[in-house]
Colleague: 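Have a look at this one.
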Amino acid sequence: MATNPVEAAGKDPTNPDDSSLPRENPIATPGKISGLGAQLGSQHFSIREAIGGPWGALEATLPTILVVVIYPFTQSLRLPVILALAATLIFGVIRLHRRQSLRQVLAGLAGTLISVFWAWRSGQVENFFAFGFWINGVYSVVLLLTILARRPAIGWLVAGAIGKLDSWRQAHARKFYELSRLCTWLWIGLFTLRLVVELPLYYANLLVPLGAARLILGLPAFVLIGYFNWVLLRGETSRLRAN
């Protein structure tokens with residue numbers, strides 16, 4: 001689940017055909033929010049921008065595909081994990097070339113390194129997916145804490161994207177607040193569903209079904225929940241922006 005969407009703004013004017021390439025990540029710039037937050041706060045939801053274009057989609061899925069497809073033929077960890085790591089390094093170089101946030105590049109590389117390390121040390125290819133379980137668990141807990149703190153993460157994200165962090169929890173934005181809490185629950189549901197579906201496959205050592213579940217509940221589910229969030233919030237987001 002390594003998608004890092006970006007805004008359409010910032011396209012290189014010297015290269016009109018660079019729309020499929022990763023662009024500068026505005027989240028690294030104070031006062032700007034990119035990716036899902038930008039899409040949820042926009043008037044039109046762009047799937048392309050939500051997933052970071054073709055490169056974002058490929059970066060999110062290729063390491064898993066390489067492991068799931070190659071390991072059954074080789075019955076060896078060496079080739080699939082090396083290729084998965086190499087793919088992540090290549091995407092990192094592309095991001096650096098596009099002058100994206102170094103933090104973003106390092107985060108993607110660190111996730112793959114940890115996954116490769118766990119699989120290699122244990123000798124079990126299924127452990128390539130183990131780090132993802134921890135990530136989904138942490139996300140679920142963090143999002144739940146934002147709800148309990150009465151600052152649901154999706155509300156904060158969208159309010160930040162439209163420059164309304166100082167007013168999104170006030171009385172006039174009550175409906176926006178309630179809907180943003182519901183949207184945050186949807187993400188908790190997705191992260192929990194991933195664990196419910198994938199953990200039994202992991203413990204049963206079913207690599208191909210596990211990889212398929214990881215892919216289906218990864219990028220497609222990310223886009224679907226993001227779109228549902230946008231549909232739920234768009235009316236109240238417009239009202240909040242106007243106040």
Colleague: Working to the nearest 0.5 angstrom, can you tell me the gap between Ile216 CD1 and Glu198 CD?
Modeller: 10.0 Å
Colleague: What residues, two or more places apart in sequence or in another chain, satisfy ring pair (Phe, Tyr, Trp, His ring centres under 6.0 Å) together with Tyr227?
Modeller: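 For Tyr227, the residues satisfying ring pair (Phe, Tyr, Trp, His ring centres under 6.0 Å) (neighbours in sequence not counted) are Phe45, Trp230.
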Colleague: Kindly indicate whether a cation-pi arrangement holds for Arg234 with Phe176, taking the cut-offs as under 6.0 Å to the six-membered ring centre and within 45° of the axis.
Modeller: no
Colleague: Could you grab the distance from atom CG of Leu217 to atom CZ of Phe191, nearest 0.5 Å is fine?
Modeller: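 Output value for this atom pair is 11.5 Å.
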Colleague: Please enumerate all residues that pass ring pair (Phe, Tyr, Trp, His ring centres under 6.0 Å) together with Tyr177, with sequence neighbours excluded.
Modeller: none
Colleague: Once rounded to the nearest 0.5 Å, what's the spacing between atom CD of Glu59 and atom CG of Leu219?
Modeller: 11.0 Å
Colleague: Decide yes or no for Trp156 and Trp168: does some side-chain heavy atom of the first lie under 4.5 Å from some side-chain heavy atom of the second?
Modeller: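 Trp156 reaches Trp168 side chain to side chain.
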Colleague: Through direct or indirect side-chain contacts below 4.5 angstrom among Ile, Leu, Val, Met, Phe, Trp and Tyr, which residues connect to Val142?
Modeller: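 Direct or chained contacts put Val142 with Val138.
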Colleague: Closest heavy-atom contact between Cys183 and Ile154?
Modeller: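 Answer, listing the atom of Cys183 first, then Ile154: CB-CG2, 3.9 Å.
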Colleague: Say you draw a straight line from CD1 of Ile225 to CD1 of Ile188; how long is it, rounded to the nearest 0.5 Å?
Modeller: 12.0 Å
Colleague: Taking the hydrophobic residues Ile, Leu, Val, Met, Phe, Trp and Tyr, and joining any pair whose side-chain heavy atoms are under 4.5 Å apart, which ones share a cluster with Val196?
Modeller: none
Colleague: Is there a side chain to side chain contact (heavy atoms under 4.5 Å, CB included) between Glu126 and Leu206 once you walk through the steps?
Modeller: CA-CA 8 Å; Glu126 291 82 7; Leu206 298 174; over 6 Å; no
Colleague: Between Lys175 and Glu178, does at least one N-O distance fall below 4.0 Å, as a salt bridge requires?
Modeller: no
Colleague: Quick check: closest heavy atoms across Leu240 and Ala173, and the distance to 0.1 Å?
Modeller: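 That would be CD1-CB, 3.8 Å.
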Colleague: Side-chain contact test, heavy atoms from C-beta onward, threshold under 4.5 Å: evaluate it for Phe129 versus Val68 and give yes or no.
Modeller: yes
Colleague: Using the rule given for side chain to side chain contact (heavy atoms under 4.5 Å, CB included), can you reason through Thr112 versus Phe131, listing the C-alpha separation, both sets of side-chain angles and the distance that settles it, and then say yes or no?
Modeller: CA-CA 9 Å; Thr112 303; Phe131 183 59; over 6 Å; no
Colleague: Do you know the tightest heavy-atom contact between Gly132 and Asn136?
Modeller: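 That would be O-ND2, 2.7 Å.
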Colleague: Are Val69 and Leu207 linked, directly or through intermediate hydrophobic residues, by side-chain heavy-atom contacts shorter than 4.5 Å (ILVMFWY only)?
Modeller: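 Leu207 and Val69: separate clusters.
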Colleague: Does some side-chain heavy atom of Leu190 sit less than 4.5 Å from a side-chain heavy atom of Leu224?
Modeller: no
Colleague: Do Ile47 and Phe228 belong to the same hydrophobic cluster, where Ile, Leu, Val, Met, Phe, Trp and Tyr are linked whenever their side-chain heavy atoms lie under 4.5 Å apart, directly or via other members?
Modeller: yes
Colleague: Where is the tightest heavy-atom contact between Pro200 and Leu195, given as atom of each residue plus distance?
Modeller: CD-O, 3.9 Å
Colleague: To the nearest 0.5 angstrom, please state how far the CZ atom of Phe117 sits from the CG atom of Leu113.
Modeller: 10.5 Å
Colleague: Search all heavy atoms of Arg169 against all heavy atoms of Arg150 and return the closest pair with its distance.
Modeller: NE-O, 2.9 Å
Colleague: When you group the ILVMFWY residues by side-chain heavy-atom contacts below 4.5 Å and let the links chain together, are Ile135 and Leu144 in the same group?
Modeller: yes
Colleague: Using side-chain heavy atoms (C-beta onward) and a distance below 4.5 Å, is Leu89 in contact with Val93?
Modeller: no
Colleague: Roughly how far, to the nearest 0.5 Å, is the CZ atom of Arg214 from the OG1 atom of Thr64?
Modeller: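 Result: 6.5 Å between the selected atoms.
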Colleague: Could you state whether Leu143 and Leu165 fall into the same hydrophobic cluster, counting links through intermediate Ile, Leu, Val, Met, Phe, Trp or Tyr residues with side-chain heavy atoms under 4.5 angstrom apart?
Modeller: yes
Colleague: Does any part of the side chain of Glu236, heavy atoms only, come nearer than 4.5 Å to the side chain of Arg241, both counted from C-beta?
Modeller: no
Colleague: If you look only at distance, which donor and acceptor atoms sit under 3.5 Å apart when one is on a side chain in residues 71-86 and the other is two or more places apart or in another chain?
Modeller:
| unit_1 | atom_1 | unit_2 | atom_2 | d |
| --- | --- | --- | --- | --- |
| Thr74 | OG1 | Ile70 | O | 3.4 |
| Thr74 | OG1 | Ser76 | N | 3.2 |
| Thr74 | OG1 | Ser76 | O | 3.2 |
| Gln75 | NE2 | Pro72 | O | 3.1 |
| Ser76 | OG | Arg78 | N | 3.3 |

Colleague: Counting only N and O atoms by type, is there a donor-acceptor contact under 3.5 Å from the side chain of Thr192 to the main-chain atoms of Gly189?
Modeller: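 Such a contact is absent between Thr192 side chain and Gly189 backbone.
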Colleague: Does atom CZ of Phe133 have more than 12 heavy-atom neighbours from other groups under 6.0 Å away?
Modeller: yes
Colleague: Hey, does the side chain of Asn243 reach the backbone of Arg239 with a donor-acceptor pair shorter than 3.5 angstrom?
Modeller: yes
Colleague: Could you tell me whether the side chains of Asn229 and Trp187 share a donor-acceptor contact shorter than 3.5 Å?
Modeller: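 Judged by distance alone, the side chains do pair up.
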Colleague: Do Val158 and Ser180 come close enough that some side-chain heavy atom pair is under 4.5 Å?
Modeller: no
Colleague: Mind listing the closest non-hydrogen atom pair of Thr88 and Leu109 along with its distance?
Modeller: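 Scanning both residues, the minimum pair turns out to be CG2-CA, 3.8 Å.
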Colleague: One pair to check against side chain to side chain contact (heavy atoms under 4.5 Å, CB included): Asn127 and Tyr202. What are the steps and the verdict?
Modeller: CA-CA 8 Å; Asn127 280 332; Tyr202 168 78; 2.3 Å; yes
Colleague: Tell me which pairs pass side chain to side chain donor-acceptor pair (under 3.5 Å) where either residue lies in residues 158-167, with sequence neighbours left out.
Modeller: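 Every pair satisfying side chain to side chain donor-acceptor pair (under 3.5 Å) with a residue in residues 158-167: there are none.
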Colleague: Please check if Leu40 and Ile147 belong to a single hydrophobic cluster, counting links between Ile, Leu, Val, Met, Phe, Trp and Tyr side chain heavy atoms closer than 4.5 Å.
Modeller: yes
